[in-house]
Amino acid sequence: MSMAREVGKYHQTVKLRNGVLHLFANAEVLASLDRKVYKMADNNLRIPRNHFMSYTPDAHVSSGACVGTTAVWKMSDGFVSPSIVGSDIGCGIRVHLTPLHKRDLQDKKVRRKLIKRIEKYVPTKRIASPFRNIELERVVKEGIYGLPAEYLPERGDVSAVRSVTHLEHARFAYDMAALEILPERIWKQTGRELGTLGGGNHFIEIQHVRVDEGQRKIAEKWGLFDGQVVVMIHSGSRAWGRMLRSEYTNRIKDAMEMWGIGTRDPRLIYVPIHAEEGRWYLNLMYSALNYAVANRHMIAFGVRAAFQEVFGTDLEMPVLYDLMHNYALEETHRGQSMLVHRKGTTRALPAGHELNPEPYRATGHPALIPGSMGTASYIMVGAKSGEKNFYSICHGAGRIYARDAVREHVSVDAFAHSMNVGTEEEVVVNRWTLEHILTECPQAYKDVDQIIDSVVGAGLASVVAVCRPMAVVKGT
DNA sequence: ATGTTC
């Protein structure tokens, strides 16, 4: 760490034993980073032929690799590391617009009613989806296109509707033969879960928008206005991703042992992209990305139904965007084909970049960054100078305390205070007590405003709108 | 994160 070199005020390069780590953070965030993240980066850099490795300011230690890692290998001779994708493959964020103004939800009772209705359609305690006619196999193979047409709210020509165009990806194509060696129980045990929220940091949040003056033109093009109510959804590939994990972990560990490769940390697994196991993992990963995007789509379907019950069936709630923060994607950078791992980092492409989906080609796509519960979330857009980090920005506030350590540091009273409990401004939560969800309290996370300042200061992205929470639905 | 534990 003594070898840190300032490239810009918000961009350092750190020369570690096994390679160079790029670090994007303001002085305050930089000073507060846990030293263990450098050790983890150094160990990740033992994987041969790494092309680029960086941390966003929300970086924190996780299994095998830090959340907040962007790691790049060339497709031609590189490696894929399931540990630098993360265990919840395809985890990501989706935002839906509404025509409502925050004054429509001024009454706490309306907010309570709304989240109750949401729970009617989006199971938060159970794992059984109310949508019984969804075929798991079609979804993991075809993503959004694998859903019955009745769940695509703009019916008609599926290829022309917003539900499949305003997304990072509606469907990943891959070699489906990879699914054939999965044990039968995986299909049985995960069959009825699509459209359920999950626990931990997953949430559905009702927020109100404040457009940033500097980006008012883009905000208008995207359909955002001051005071607007929007819904942010955070979920992933649920048990499908979890089940795959035990399969690929065993298989890749065996292969690593056979080849005699590995590092000091047994949780860091990796394999050449073009080895049989590497291709197999990538194919399984795509199936989980398909699952995850369809899962968020179905959660949103339930949320729309709930809003329409409360505010009328004419209420339109188009998707703004859906994108992920745990995956590895093949992307062309400076004419070279690369495998870009993002573990808890978000792609934020600038205006004109060809990887933007067509509707957002001219402006750049919305990059959706949740804060912690009770604090602001951000809608951002990537900058041209984000190229220096392969167009990756933060994925959220980033943890300070591990889940099992939160209770030692934060009281339920302090949590309640931060949620304005007892006032008219209360962020209404679907749980009877905050005790159950204490691990997700804002005090367990870094200050999201400092994270955003770091990203903006580093020239990776700019803020289009700030979204403040009004109501939250959490799972268990 | 998770049909709640590497």
Side-chain angles (χ1 to χ4, degrees), chain A residues 40 43 58 60-69 81-93 123-130 136 140 182-204 233-254 256-257 262-270 281 284-285 287-289 291-293 295-296 299 324-327 341-345 370 372-373 395-399 401-407 431 435-440 444-445 474-476:
Chain A
M40 207 154 230
N43 194 58
D58 50 335
H60 62 89
V61 167
S62 182
S63 180
C66 289
V67 168
T69 301
S81 170
S83 310
I84 320 183
V85 166
S87 56
D88 188 5
I89 298 170
C91 189
I93 303 283
T124 56
K125 298 178 196 119
R126 290 167 296 116
I127 51 160
S129 159
L136 174 62
V140 300
L182 293 174
E184 195 56 32
R185 67 181 159 78
I186 290 185
W187 297 96
K188 292 207 178 94
Q189 290 177 339
T190 61
R192 294 244 297 114
E193 215 180 25
L194 211 89
T196 61
L197 184 61
N201 59 5
H202 291 170
F203 63 78
I204 301 164
I233 295 165
H234 182 191
S235 190
S237 54
R238 310 287 286 109
W240 178 257
R242 166 76 167 79
M243 297 275 184
L244 296 185
R245 187 164 154 260
S246 51
E247 300 300 319
Y248 66 67
T249 301
N250 289 336
R251 193 152 170 211
I252 290 175
K253 274 191 172 161
D254 287 350
M256 288 173 71
E257 200 173 315
T263 68
R264 227 162 271 145
D265 183 354
R267 294 169 308 171
L268 180 69
I269 59 171
Y270 56 94
Y281 169 75
L284 289 187
M285 185 200 69
S287 82
L289 299 184
Y291 186 106
V293 68
N295 188 50
R296 285 188 296 274
I299 291 169
M324 300 181 265
H325 49 235
N326 283 356
Y327 60 25
H341 296 63
R342 297 192 177 91
K343 179 177 184 173
T345 63
S372 57
M373 207 189 315
H395 85 305
R399 276 196 170 275
Y401 303 129
R403 289 197 168 87
D404 49 16
V406 174
R407 216 157 286 274
R431 287 279 163 267
E435 176 82 34
H436 292 109
I437 51 172
L438 187 68
T439 57
E440 295 304 316
Y445 284 85
K474 294 290 290 180
T476 44

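Proteins come first, then strands; the chains are lettered A, B, ... in the order of their sequence lines, and each starts at number 1.
Per the geometry, CZ belonging to A:R238 stands 10 Å off C1' belonging to B:dT4, to the nearest Å. Between the C1' atom of B:dG3 and the CG atom of A:L244 lies a distance of 14 Å, rounded to the nearest Å. Between the P atom of B:dT2 and the CE atom of A:M243 lies a distance of 12 Å, rounded to the nearest Å. As a whole-Å value, the separation of A:I252 CD1 from B:dC6 P is 18 Å. With rounding to whole Å, A:Y291 atom OH is found 10 Å from B:dT2 atom P. A:D404 has its CG atom 19 Å from the P atom of B:dT4, to the nearest Å. Taking atom CH2 on A:W187 and atom P on B:dG3, their separation rounds to 16 Å, with Å as the unit. Taking atom CD of residue A:E247 and atom C1' of nucleotide B:dC6, one finds them 14 Å apart after rounding to whole Å.
Under 4.0 Å is where a charged nitrogen must lie from a carboxylate oxygen, and between A:E435 and A:R407 at least one such pair does.
Among the heavy atoms of the strands, none lies under 4.0 Å from A:G236. Using a 4.0 Å heavy-atom criterion, one finds that A:G241 contacts no nucleic acid atom at all. A:R245 comes within 4.0 angstrom of a base, heavy atoms only.
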**OP:** Output, in order, the C-alpha distance, side-chain angles, deciding distance and verdict of side chain to side chain donor-acceptor pair (under 3.5 Å) for A:Y291 and A:R238.
**Re:** CA-CA 8 Å; A:Y291 186 106; A:R238 310 287 286 109; 6.0 Å; no
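Under the rule for a side chain to side chain contact (heavy atoms under 4.5 Å, CB included), the partners of A:S129 that lie at least two apart in sequence or sit in another chain are A:F131, A:T196. Residues satisfying the side chain to side chain contact (heavy atoms under 4.5 Å, CB included) test with A:P183, not counting sequence neighbours, are A:R185, A:I186, A:E247.
When the nucleotides B:dC6, B:dG3, B:dT2 are ranked by their closest atom to the side chain of A:H202, B:dT2 comes out on top.
In terms of position along DNA chain B, the nucleotide closest to A:G198 lies nearer the 5' end than the nucleotide closest to the other residue of the pair A:S63 and A:G198.
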